[in-house]
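Each remark here refers to the structure printed beneath this line.
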Amino acid sequence: MPRLKLRIQFDNLLLGPGKAELLERIAETGSISAAGRQMDMSYRRAWALVEEMNAAFREPLVQGARGGKGGGGALVTETGQQVLARYRHLLAAAEQAVAADVAALQALLRSDVSVGK
């Protein structure tokens, strides 16, 4: 089954499936490090992506709390939730808009050839 990947390039940010998944996993786990681990991503890389997104938007998408005795954590803000919801809506709309063309392309593919990712 073909999948559509959507990347939106703004002047100061590339927003795509990886950052969207990171936001979702932070919302689920309450932790940037746990979200990164689930994605086989280093804590440093996950933090860098969060900082990149936070810097690009007027309001932060993720708020973090320092660790310590009670532990740290992270919260996807209301703005972060809005960004994620709009990205998912755009993806669904794009998939619907191109479904017939994707099906037509798929019909032209050879069925005896295995294609890698």
Is there a side chain to side chain contact (heavy atoms under 4.5 Å, CB included) between Ile26 and Val50? Walk through the geometry before answering. CA-CA 10 Å; Ile26 291 169; Val50 166; 3.7 Å; yes
Between Gly18 and Met39, the two heavy atoms sitting closest are O-CE, 3.6 Å
With a cut-off of 6.0 Å (strictly less than), are more than 12 heavy atoms of other residues, nucleotides or ligands near CZ of Arg88? yes
Can you name the side chain to side chain contact (heavy atoms under 4.5 Å, CB included) partners of Gln81, sequence neighbours left out? Val76
Check side chain to side chain contact (heavy atoms under 4.5 Å, CB included) between Ala46 and all other residues, then give those that pass, not counting sequence neighbours. Leu22, Ile32, Met41
Hydrophobic cluster identity match, Tyr43 and Val62, side-chain contacts under 4.5 Å: yes
For a quick check under 3.5 Å, do Ser31 and Thr29 share a side-chain donor-acceptor pair by atom type? no
Closest contact, heavy atoms only, Leu6 versus Pro17: O-CD, 3.4 Å
Only one of Glu21, Lys19, Glu24 passes side-chain contact (heavy atoms from CB on, under 4.5 Å) with Leu84, and that residue is Glu24
Taking a hydrophobic cluster as the set of Ile, Leu, Val, Met, Phe, Trp and Tyr residues connected by side-chain heavy atoms closer than 4.5 Å, whether directly or through intermediates, do Ile8 and Val83 fall within one such cluster? yes
Find out if a path of hydrophobic residues (ILVMFWY) with successive side-chain heavy-atom gaps under 4.5 Å connects Trp47 to Leu13. yes
Among the clusters formed by ILVMFWY side chains lying less than 4.5 Å apart, do Phe10 and Leu23 turn up in the same one? yes
Is there a chain of hydrophobic side chains (I, L, V, M, F, W, Y, each step under 4.5 Å between heavy atoms) that links Leu15 to Leu90? yes
